[in-house]
Number of protein chains: 2
Amino acid sequence: MMRVTTVTNTRELAHPAREEIRLEGILHALSDPMRMRVVRALATTEDELSCSYFVLPVTKSTTTHHFRVLRESGVIQQVYRGTAKMNGLRRADLDALFPGLLDGILDAAAREAERLGDEA
Amino acid sequence: MMRVTTVTNTRELAHPAREEIRLEGILHALSDPMRMRVVRALATTEDELSCSYFVLPVTKSTTTHHFRVLRESGVIQQVYRGTAKMNGLRRADLDALFPGLLDGILDAAAREAERLGDEA
DNA sequence: ATCATTGTACGAGAATCGTCGTAGTTTGAC
DNA sequence: GTCAAACTACGACGATTCTCGTACAATGAT
């Protein structure tokens, strides 16, 4: 049993500030196929998507891990909404820091998906 | 002692064909600071640069390792010239596969270097 | 209060990675 | 042939990564 001390939401999630985001971290985060899949899906919409929206061929705890890597590298932002955890790309921050980078990588990912057999 | 059987150069190096280059591999290769340093230097010139041109804060065997990762991911091409091994970016292949990707990443790296203390 | 849903924390295991040192090969110059 | 220069191969080490399973926590509905 946990005592609620304030009105504000518990379960806050640590995000790097914009200036703390590192290119290395972004590239590393996106060099994993599962995480690239997540980011590509997030890029297709303005809405935030819950973790459970994604059906990855790994267990739930592994999925949690990948979302954390994405959040801690600054690629996505996460917020709790009820029991769900919503995810959104940090487009504004990424575009401000590295104009064109995200789109360049997403375009590259789309080309590669097309070039290889993408049955998505 | 090794017997030379043909006139052509021994010491051939295995490179992935253009179609074998994977985005994941590129992103992973560039997510390491040493390798990013090398690629940024290679991008500043049309010439090929020898491995010994680069003075990285790691040993020579580690340097060899990084160059191999770059070659096997398709980011650079390598060829022996005398005792030296020359390195060049695979610009044509990368631009054909993923237009704008390399420049986008290089630009991002330049911005980050400027943003943080770059005394290069 | 109970319960189902959603996601986490905490190991743990196998694999990969970055690094090193030592010993070796290849080449070109002497 | 000898030697120095440039780079490699191999084994090793610790650190990180990706994965899992089990147990737990927070929320909202009943």
Side-chain angles (χ1 to χ4, degrees), chain A residues 1-15 22 24-38 48-73 75-87, chain B residues 1-15 22 24-38 48-73 75-87:
Chain A
M1 221 57 83
M2 198 172 209
R3 197 164 57 91
V4 178
T5 49
T6 71
V7 236
T8 58
N9 200 350
T10 353
R11 296 220 282 171
E12 289 301 325
L13 293 160
H15 289 77
R22 295 286 173 272
E24 281 177 34
I26 296 175
L27 298 182
H28 169 250
L30 297 181
S31 71
D32 178 274
M34 296 302 148
R35 294 192 290 259
M36 178 61 91
R37 244 163 99 154
V38 168
E48 300 194 305
L49 301 175
S50 73
C51 291
S52 59
Y53 170 88
F54 299 89
V55 189
L56 303 177
V58 291
T59 65
K60 219 172 344 182
S61 31
T62 301
T63 301
T64 295
H65 160 70
H66 285 309
F67 276 105
R68 178 166 40 223
V69 172
L70 286 171
R71 185 185 72 241
E72 292 180 346
S73 65
V75 175
I76 68 170
Q77 82 230 69
Q78 300 189 288
V79 59
Y80 283 105
R81 191 131 66 224
T83 73
K85 194 187 212 172
M86 307 304 290
N87 304 275
Chain B
M1 225 53 89
M2 200 171 205
R3 197 163 57 89
V4 178
T5 49
T6 69
V7 237
T8 58
N9 200 348
T10 352
R11 297 221 281 171
E12 289 301 326
L13 293 159
H15 289 77
R22 295 286 172 273
E24 280 178 34
I26 296 175
L27 297 181
H28 169 250
L30 297 181
S31 70
D32 178 274
M34 296 303 148
R35 294 193 290 258
M36 178 61 92
R37 246 162 97 152
V38 168
E48 299 194 305
L49 301 175
S50 72
C51 291
S52 58
Y53 170 87
F54 300 88
V55 189
L56 302 178
V58 291
T59 64
K60 217 166 355 174
S61 33
T62 301
T63 301
T64 296
H65 160 71
H66 286 309
F67 276 106
R68 178 168 39 224
V69 172
L70 286 171
R71 185 185 72 242
E72 291 180 346
S73 65
V75 175
I76 68 171
Q77 82 231 63
Q78 300 188 290
V79 59
Y80 283 106
R81 191 132 66 226
T83 74
K85 194 187 210 170
M86 308 305 290
N87 305 275

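Backbone-only contact: B/Arg35 has heavy atoms under 4.0 Å from sugar-phosphate atoms and none from a base. B/His66 comes within 4.0 angstrom of sugar-phosphate atoms only, judged by non-hydrogen atoms across all strands, and of no base. Among the atoms of the strands shown, none is found under 4.0 Å from any heavy atom of B/Thr63.
For the OP1/OP2 pair of C/dC20 and a distance below 4.0 Å, the side-chain nitrogens and oxygens of B/Thr59 include at least one atom meeting the criterion. In this structure, A/Thr62 reaches the D/dC20 phosphate: one of its side-chain N or O atoms is under 4.0 Å from OP1 or OP2. For C/dA4, the OP1/OP2 oxygens have no side-chain nitrogen or oxygen of A/Thr83 closer than 4.0 Å.
Across B/Arg11 and B/Gly82, no two heavy atoms sit closer than the pair NH2-O, 3.2 Å. Across every non-hydrogen atom of A/Met34 and A/Pro57, the tightest pair is CE-CG, 3.5 Å.
Side-chain atoms of B/Thr59 and B/Thr62 form a donor-acceptor pair, as typed in the model, at a separation below 3.5 Å.
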### Summary
Reading nucleotides 9-16 of chain C from 5' to 3' and marking B where a protein heavy atom lies under 4.0 Å of the base, S where only the sugar-phosphate is that close, and - otherwise, the string is B-------
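Atom-to-atom, CG of B/Leu56 to C1' of C/dC20 comes out at 15 Å; the value is rounded to the nearest Å. Distance, A/Phe54 CZ to C/dG7 P: 10 Å, rounded to whole Å. Atom CG in A/Leu49 sits roughly 15 Å away from atom P in C/dT6 (whole-Å rounding). Whole-Å rounding puts the B/Arg11 CZ to D/dA9 P distance at 10 Å. Here C/dT19 presents its P atom at 17 Å from NZ of B/Lys60, a figure rounded to the nearest Å. Distance A/Leu70 CG to D/dC18 P: 10 Å, rounded to the nearest Å. The distance from atom CG of B/Leu13 to atom C1' of D/dA6 is 13 Å, rounded to the nearest whole Å. Taking atom CE on A/Met34 and atom C1' on D/dT19, their separation rounds to 10 Å, with Å as the unit.
B/Arg35 places no side-chain N or O within donor-acceptor distance of the main-chain N or O of B/His66, the cut-off being under 3.5 Å. Side-chain atoms of B/Ser73 come within 3.5 Å of backbone atoms of B/Val69 as a donor-acceptor pair (strictly under, hydrogens ignored).
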### Message
Checking A/Arg37 against A/Leu56 for the side-chain contact (heavy atoms from CB on, under 4.5 Å) test, could you report, in this order, the C-alpha distance in whole Å, the side-chain angles of both residues, the deciding distance, and whether it holds?
### Response
CA-CA 9 Å; A/Arg37 244 163 99 154; A/Leu56 303 177; 3.8 Å; yes
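Every residue two or more places apart in sequence or in another chain that forms a side-chain contact (heavy atoms from CB on, under 4.5 Å) with B/Gln78 is listed here: B/Leu13, B/His15, B/Cys51, B/Phe67, B/Arg71, B/Ile76, B/Lys85, B/Asn87.
Comparing B/Arg71 and A/Val58 along DNA chain D, the residue whose closest nucleotide (by nearest heavy atom) sits nearer the 5' end is B/Arg71.
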